[in-house]
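Below is one structure; the comments refer to it alone.
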Amino acid sequence: MPRYQPARIEPKWQAWWEAHGTFATPRLPPPGAAKAYLLDMFPYPSGDGLHVGHPEGYTATDIVARFERMRGTAVMHPMGFDAFGLPAEEHAIRTGTPPRESTERNIATFRRQLKMLGFSYDWGRELATTDPEYVRWTQWIFLVLFDTWFDPDTQRGRPIAELPIPPAIAAAGEAAVARYRDEHRLAYQSEAPVNWCPALGTVLANEEVIGGVSERGGHPVVRIPLRQWMLRITAYADRLDRELDGLGWPESIKKLQRDWIGRSTGAEVDFFVPPAAGDVTAAFEAWKRQRAESGYPATPADDVLRIYTTRPDTLYGVTCMVVAPEHPLLDRLTTPDQREAIATYREAASRKSDLDRTDLAREKTGVFTGSHVIHPLTGAAVPVWVADYVLASYGTGGIMSVPAHDDRDFEFAKTFGLEVTTVIEPLDGGPVEGLFTGRGRAVASGPYTGLETAAFIERVAADLEAAGLGRPAVNYKLRDWLFSRQRFWGEPFPILHEVDSHDRPTGVVRPVEEAELPVPLPPLTDFKPGDTPDPPLSRAGHEWLFVERDGRRYRRETNTMPQWAGSCWYYLRFLDPANTERFLDPEVEQAWMPVDLYVGGAEHAVLHLLYARFWHKVLHDRGYVSHPEPFGRLVNQGMILGEMEFTGYRAAAGGWISAEQRTEADTPVRLPAEQVEKQGEHFVLRDMPTIRVESRAYKMSKSRGNVVNPDEVVREFGADSLRLYEMFMGPLEATKPWSTAGVGGVRTFLDRCWRLVVDERADDLVLAPQVVDDPASDEQLRELHRMIDKVTRDIEALSFNTAIARMMEFVNFCTPLPRRPRALLEPFVTVLAPFAPHLAEELWEVLGRPAPVSLAPWPTVEERWLRDETVEIPVQVQGKLRGRVVVPADADATALQSAAAADPRIAQLLAGRTIAKVVAVPGRMVNFVLAKSESPS
RNA sequence: GCCGGAGUGGCGGAAUGGCAGACGCGACGGAUUCAAAAUCCGUUGCCCGCAAGGGCGUGUGGGUUCAAGUCCCACCUCCGGCACCA
């Protein structure tokens, strides 16, 4: 009884492929062969094992990989693990198990599950970001960043040794030069405010802080400054933005990245801060004269309040200035009688996380500093306020407030009763009362009155620059990348801090020699965070912590890198995973890069993809990689939701309550599909049709209990069924709900494929008696070649659902055939192979062909079988379908028309009518348009 | 609020401006069977009709076109993301 048993054949072929090295990739593509680098976003090996979302993208790339291999392309298709990360560390804190142990266990689970699904990875290239050899090169790349400065003139990263040293610095000695270099490196240290939660003893990410307290436990969080490693990604902001242009990425993802980078153009303008005593006008005039001579300074002295605006055309509408609570000039601007109010406000602001401060629902707050600055164009005195809606970290940390033409300024002015001065009118129509944020024409703007926004901006920026009062400027929302974490389970920084005889840092930093890499994690038994934001590594033994070099004593950097570090370059290491001499052989890099197809979830649209592009560009600038961009084509697989659910609501008082009337007090109850029916737009209870029921699929989650486990699906249906189902569900990029019945459907299809070839009633595994060596008929060949053609084109377009539908049609065509020619079945099995590789290998063997079908040549489509001799053409009268005629495939418009007119039914409809026009599209359709008022009734 | 994406049978979904609903699930009917499972064959958008046939139909309202799910305008709903960036 040889039925289709995936549990028997799947492990068999997985073992076969492994034993024969079927998917091992050579170091370089063979001469003359095309190459394809097909990459999945490697998973974080969580303790829960694989989720059904993982195999969706993995199957898609695997089908392409197998397809390309069969077409003779050299395929790079690797897999690895993004294994540093928080969950392993928290598990370690709870259980005392070292993170490396649990991580290795989880990787073993993931590896087993991935192999169970028959993906054609070259497992010889497997890597984990936690492998000491991998960490070695991650640290090495950090040292490249440390050794690089960004030359704004050429827009490229260059070796720090090439950084021009200003004469004044050079004259100040070696220490000053070293400091100057440190300030220009792409990896640099700075004091940055972080969210410190004393109760949890850890620093939290912004996302982990809600309403000023920790997400977990609800403990207070304070903002404290901490010395952090930063990466100067902002230097590359412009290139990261512009170089998205040529990429084959979804436009939506490009836009997300552009919005994240947030490039805006406008102008910087200096407002004069008058001296506390003396003649303000005279001082202002003197300042202007001085500026006209010296020009606009790159960094503002403390006699000006510098602001950035995207709308310099609203300069005449400024009614106040607002600075961030952290603004450096705030002390100087605060008058004695306002000192206390300002101090209180600042203190309150410092306690808030960024998240609270940007809560839109909140009323605007602020305090007047008591002082005024002088408007550079009008000479008017403008009051200066402090408010936390202005962010210290963007632009200059201060703004000019134009209530008439900016939402936030308008709201602020309303709250505090400040003046609103209209200086822009819409191009169409007259003045607008109150707020108008659009572009338009300037009014009451001195010499600029009457200019339209664009012209105004251009002129005023040029005038300001000529007068040394401002200049055109570009700003980015993107901030430098805070790169250090106070965590154990991450890559240690290959950095040494010089210490004095009392182990106090001298401020001198020294990179670890390349030959000494990797810097290993120290052995620790206690991973718990402490009472201070000191990283766990600071509790390492002295033998790890302190080292001597050239007679000086150093303490190791005890922060670790964030999880993103490893995923920034893994796609490069896959190409040359065993190289002990360098991170990647340039010959190999040039042969395989860039990645031709990168598939993964949209949750990485910004961070991972932006960080990886940044590192790649630095490596490119420094000559280590040949392409400026790593990922040529990107596709995001859609999310797989849980099964569709029907939810009714039980009223607190008892009985059902209709879904649209429910309140928080009513209890949701999950209903079986039989109790529900559709009525018009909504689902209702079958027994009580007045009660509406919600129908929706939800994201899979443990708490909802709708998580589908791939192990169970494979056990019940087989890996090929899981692969095929996930591809058949719908378009790769769409969000779609899981349906176990649907898995059963594709399993039935695979059963039918099996029976097409195998005799199920025999005792042994033998060919079905219908399988014969007859030549295939013309009709059969047409069916076959059309199927091959469609599947080929659909794989190229990643439209796997329709490719599978076409294969199903082909099987439906073959099943009733009493004689099934091999010439039909063998090409079908090869076409099936990328989708259901185990079944295809087994059928290939039953057909008596030499394994593996996985490397058999992809069948060629013969054009002549795609053409029909006759076609059925729809005939319309007045655009309505009224009949069909069969005509030769090459019939022209005239022939079509006469054939259609000859059809009895059409002739009857046309009898006695005046034909105004006939539209005949050869091979498509015929439409008779009747003269007006003559439409048949 | 802003920015994406999507609205097509009971469900998942097909459809270069040219026969709406391919393919699958479910449902119904038949064959097979002592029976059931499995399998095979068929029907299945809605309404009227015994039928032939006819009418309606791709979120809503308008428009372009011989012809619109597809193009244009306005709106509604759902999903996802961002969110005081001056």
Side-chain angles (χ1 to χ4, degrees), chain A residues 3 250-253 255-256 258-260 262-264 266 307-311 314 322 355 357-360 362 364 387-391 393-402 405-409 411-412 475-479 602-603 605-606 638-639 641 643-644 673 676-678 681 683 695-697 699 725 728-731 733-746 748-749 751-752 755 760 799 801-809 812 815-816 872-884 905 916-921 923-930:
Chain A
R3 303 185 51 170
E251 282 307 315
S252 59
I253 300 293
K255 192 161 185 326
L256 277 175
R258 287 209 179 90
D259 288 352
W260 188 265
R263 184 177 200 270
S264 76
I307 58 95
Y308 169 72
T309 178
T310 54
R311 292 292 299 272
T314 61
V322 186
L355 223 63
R357 279 184 53 173
T358 57
D359 182 359
L360 265 175
R362 218 168 47 88
K364 295 262 183 298
D388 66 4
Y389 81 91
V390 174
L391 308 174
S393 50
Y394 182 77
T396 61
I399 62 152
M400 62 179 208
S401 177
V402 186
H405 305 295
D406 181 276
D407 298 290
R408 299 145 303 187
D409 296 344
E411 209 188 305
F412 187 69
N475 257 295
Y476 301 92
K477 289 188 199 175
L478 186 70
R479 304 291 147 79
E603 67 274 19
V606 177
M639 208 193 322
L641 305 174
E643 294 249 5
M644 174 79 93
V676 161
E677 68 182 356
K678 189 145 192 185
E681 300 268 281
F683 281 91
S695 84
R696 221 198 113 169
K699 212 169 148 170
Y725 172 64
F728 187 59
M729 291 172 89
E733 302 189 53
T735 302
K736 28 200 188 277
W738 183 265
S739 156
T740 299
V743 190
V746 294
T748 303
F749 164 65
D751 279 319
R752 285 161 65 87
R755 283 192 293 273
E760 251 191 2
S799 301
N801 52 334
T802 48
I804 294 165
R806 195 64 192 79
M807 288 192 280
M808 287 174 166
E809 286 184 80
N812 291 343
T815 297
E872 195 183 60
I873 298 291
V875 182
Q876 299 176 346
V877 177
Q878 295 292 77
K880 282 192 193 287
L881 177 72
R882 295 297 175 183
R884 296 184 174 84
R905 204 164 142 241
K917 184 175 174 184
V918 180
V919 183
V921 183
R924 281 279 166 208
M925 46 69 67
V926 183
N927 187 13
F928 292 93
V929 185
L930 302 179

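Computation of the quantities below employed the complete heavy-atom set of this structure, encompassing side-chain atoms and omitting hydrogens, waters and symmetry-equivalent molecules. Naming: A, B, ... by sequence-line order, numbering from 1 per chain.
A:Y394 and A:Y476 get closest at one heavy-atom pair: CE1-O, 3.3 Å.
Taking atom P in both B:U70 and B:G57, one finds a spacing of 14 Å when rounded to whole Å. The same atom, C1', is picked in B:A14 and in B:A22; the two are 5 Å apart, to the nearest Å. Across the C1' atoms, B:C71 and B:U65 are found 10 Å apart, a figure rounded to whole Å. Taking atom C1' on both B:G54 and B:C3, the two are 48 Å apart, rounded to the nearest angstrom. Spacing of P atoms, B:U8 relative to B:A15, comes out at 15 Å, to the nearest Å. One C1' atom belongs to B:G30, the other to B:C78, and the distance between them is 42 Å to the nearest Å.
In this structure, A:N475 reaches neither bases nor backbone, as no heavy-atom distance under 4.0 Å exists between it and the strands shown. Backbone-only engagement by A:N801 is indicated by non-hydrogen atom pairs under 4.0 Å involving sugar-phosphate atoms exclusively. As judged by a 4.0 angstrom heavy-atom cut-off over every strand, A:T735 is placed among residues touching the sugar-phosphate backbone only. At a threshold of 4.0 angstrom between heavy atoms, the contacts of A:G395 with the nucleic acid are absent.
Counting heavy atoms from C-beta on, the side chains of A:M400 and A:T314 come closer than 4.5 Å.
Contact check, A:R258 against B:C3: no side-chain N or O comes under 4.0 Å of OP1 or OP2. Taking 4.0 angstrom as the limit, A:K255 places none of its side-chain polar atoms (N or O) nearer than this to OP1 or OP2 of B:C82. Taking only side-chain nitrogens and oxygens, A:K736 never comes nearer than 4.0 Å to OP1 or OP2 of B:G12.
For A:F749 and B:C25, the CZ to C1' distance is 15 Å, given to the nearest whole Å. Distance CG (A:L881) to C1' (B:G55): 14 Å, rounded to an integer number of Å. Atom CE of A:M644 is separated from atom P of B:C78 by 16 Å (rounded to the nearest Å).
For B:U70, there is no paired base (Watson-Crick or G-U wobble, both distances below 3.5 Å).
Both A:G745 and A:M925 lie near RNA chain B, and the one whose nearest nucleotide falls closer to the 5' end is A:M925. Toward the 5′ end of RNA chain B lies the nearest nucleotide of A:E809, the other residue of the pair A:V919 and A:E809 mapping further downstream.
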